[in-house]
Number of protein chains: 2
Amino acid sequence: MENRMVPEERMTAQACSGHLASVEDAIYVIGGKWKLKIIIVLQESGNIRFNELQRKVEGISARVLSNELKDLELNGFVKRVVHAEQTPVVVEYVSTDYSRTLKPVIGALAEWGKTHKIKIKEEMS
Amino acid sequence: MENRMVPEERMTAQACSGHLASVEDAIYVIGGKWKLKIIIVLQESGNIRFNELQRKVEGISARVLSNELKDLELNGFVKRVVHAEQTPVVVEYVSTDYSRTLKPVIGALAEWGKTHKIKIKEEMS
DNA sequence: CAGGATCCCAGAGGATACTG
DNA sequence: CAGTATCCTCTGGGATCCTG
């Protein structure tokens with residue numbers, strides 16, 4: 001479990017175009033094996049409950065999903081909604097507006113991943 | 001994964017699962033702590049030698065850099081150029097055309113990382 | 001159902017030293 | 001300079017069981 005990212009001033013002599021530091025920041029928050037996948041599923045699903053989410057993010061364990069959700073909530077990508085008026089209590093997860101700012105990133109990654117897979121397939125034939 | 005993917009708005013459920021899988025593919029190849037950073041430095045540097053590369057990718061050890069470079073070379077993102085005519089032998093690394101197909105991904109990530117950092121800073125003040 | 005508590009492991013990655 | 005070789009740490013993450 002990470003905490004919130006606290007940006008430091010990285011004043012490297014050759015800070016390049018700044019792309020490097022920004023990409024680093026991005027990777028710090030949404031990097032890892034699961035975060036983007038969870039975000040995508042959440043965006044596709046609207047409100048969704050824990051177990052269904054676990055089913056849709058294939059391969060993830062309850063423990064890891066729980067940890068990732070806490071992390072994503074801390075960073076404002078997902079909101080945990082508890083419906084206390086019902087019994088048993090229903091918990092739902094919803095993607096936030098802020099998570100939608102990741103659309104370009106997800107779009108670019110998906111597009112690249114798609115063409116990359118095609119390239120790999122061609123190389124194997 | 002043969003379904004058409006529209007990177008923009010309104011997607012079908014199938015396009016979405018394709019989205020998920022494609023992002024997964026992308027993360028598989030360019031995920032991790034160092035790969036994208038190395039690729040960025042490589043793209044910004046033209047030809048570059050091992051030790052200088054290590055200096056520019058701050059914090060990376062020689063062992064890890066060596067491993068990552070092998071991996072990146074296998075996947076066609078970097079070319080290892082040996083100038084055997086010189087003594088001592090000079091080795092240079094160059095980013096490939098294929099690595100340039102990552103530009104949109106890097107651009108999106110950098111842009112998002114930049115605004116995210118600004119957002120975090122504002123929240124702290 | 002929605003997780004928490006434990007235990008455990010592989011593998012990513014760091015530190016240091018060494019070599020052709 | 002361009003890496004290798006060791007060794008070692010750390011943590012992401014799997015498996016399993018437990019509970020309100």
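Quick note on labels: first sequence line is chain A, next is B, and so on, each numbered from 1.
Within 6.0 Å of atom CD in E58(A), 12 or fewer heavy atoms from other residues, nucleotides or ligands are found, so the atom counts as exposed in its surroundings.
Residues in residues 29-40 of chain B take part in these side-chain hydrogen bond (donor to acceptor under 3.5 Å, both in side chains) pairs, two or more places apart or across chains: E24(A)-K37(B), K35(B)-E68(B), K35(B)-D71(B).
As a whole-Å value, the separation of R49(B) CZ from dC1(D) C1' is 6 Å. The interatomic distance linking N67(A) (CG) with dT11(D) (C1') rounds to 12 Å, in whole Å. At whole-Å resolution of the value, CG in L53(A) and P in dA2(C) are 10 Å apart. Rounding to whole angstrom units, CD1 of residue I38(B) and C1' of dA12(C) are separated by 13 Å. Atom CD in E68(A) sits about 9 Å away from atom C1' in dG12(D), given to the nearest Å. For Q54(B) and dT4(D), the CD to P distance is 13 Å, given to the nearest whole Å. The CG atom of L65(A) sits 15 Å away from the C1' atom of dG12(D) (whole-angstrom rounding). Summarising the geometry, the separation between CD1 on I60(A) and P on dG13(D) is reported as 8 Å, rounded to the nearest angstrom.
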Which atom pairs, donor and acceptor, lie under 3.5 Å between side-chain atoms of residues 89-106 of chain B and protein residues at least two apart or in another chain?
{"residue": "E92(B)", "atom": "OE1", "partner": "N47(B)", "partner atom": "ND2", "Å": "2.8"}
{"residue": "E92(B)", "atom": "OE1", "partner": "H83(B)", "partner atom": "NE2", "Å": "3.0"}
{"residue": "Y93(B)", "atom": "OH", "partner": "R80(B)", "partner atom": "NE", "Å": "3.3"}
{"residue": "S95(B)", "atom": "OG", "partner": "R100(B)", "partner atom": "NH2", "Å": "2.8"}
{"residue": "T96(B)", "atom": "OG1", "partner": "G76(B)", "partner atom": "O", "Å": "2.6"}
{"residue": "T96(B)", "atom": "OG1", "partner": "F77(B)", "partner atom": "O", "Å": "3.4"}
{"residue": "T96(B)", "atom": "OG1", "partner": "Y98(B)", "partner atom": "N", "Å": "3.3"}
{"residue": "T96(B)", "atom": "OG1", "partner": "S99(B)", "partner atom": "N", "Å": "3.1"}
{"residue": "D97(B)", "atom": "OD1", "partner": "R100(B)", "partner atom": "NH1", "Å": "2.8"}
{"residue": "Y98(B)", "atom": "OH", "partner": "H116(A)", "partner atom": "ND1", "Å": "2.5"}
{"residue": "S99(B)", "atom": "OG", "partner": "Q43(B)", "partner atom": "NE2", "Å": "3.0"}
{"residue": "S99(B)", "atom": "OG", "partner": "T96(B)", "partner atom": "O", "Å": "3.2"}
{"residue": "R100(B)", "atom": "NH2", "partner": "S95(B)", "partner atom": "O", "Å": "3.0"}
{"residue": "R100(B)", "atom": "NH2", "partner": "T96(B)", "partner atom": "O", "Å": "3.4"}
{"residue": "T101(B)", "atom": "OG1", "partner": "W112(A)", "partner atom": "NE1", "Å": "2.9"}
{"residue": "T101(B)", "atom": "OG1", "partner": "Y98(B)", "partner atom": "O", "Å": "2.6"}

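Minimum atom distance to the side chain of F50(B) is reached by dA2(D), of the listed dA2(D), dG13(D), dC1(C). The side chain of K33(A) lies closest to dG14(D) when the candidates are dG13(C), dG14(D), dA2(D). For V64(A), the side-chain atoms get nearest to dG14(D) when compared with the rest of dC1(D), dG14(D), dC1(C).
In terms of phosphate contacts, K70(B) brings a side-chain nitrogen or oxygen within less than 4.0 Å of OP1 or OP2 of dT4(D). Taking 4.0 angstrom as the limit, S61(B) places none of its side-chain polar atoms (N or O) nearer than this to OP1 or OP2 of dT16(C). OP1 or OP2 of dA2(D) has not a single side-chain nitrogen or oxygen of S66(B) nearer than 4.0 Å. At least one side-chain nitrogen or oxygen of Y93(B) sits closer than 4.0 Å to the OP1 or OP2 atom of dG3(D).
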Please tabulate the protein-to-nucleotide N/O contacts below 3.5 Å involving nucleotides 6-10 of chain D, giving atom names and distances.
none

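Applying the side-chain contact (heavy atoms from CB on, under 4.5 Å) test between V57(A) and each of I40(A), L42(A), I38(A), V64(A) identifies I38(A) as the sole match.
Nearest-nucleotide positions on DNA chain D place E52(B) closer to the 5' end than the other of A62(A) and E52(B).
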Applying side-chain contact (heavy atoms from CB on, under 4.5 Å) to E44(B) and H19(A), what does each step give before you reach the verdict? CA-CA 10 Å; E44(B) 289 176 348; H19(A) 263 201; 4.0 Å; yes
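Within the 4.5 Å cutoff, the side chain of I30(B) has heavy atoms near those of the L109(A) side chain. Looking only at side-chain heavy atoms (C-beta outward), D25(B) and V29(B) stay at 4.5 Å or farther from each other.
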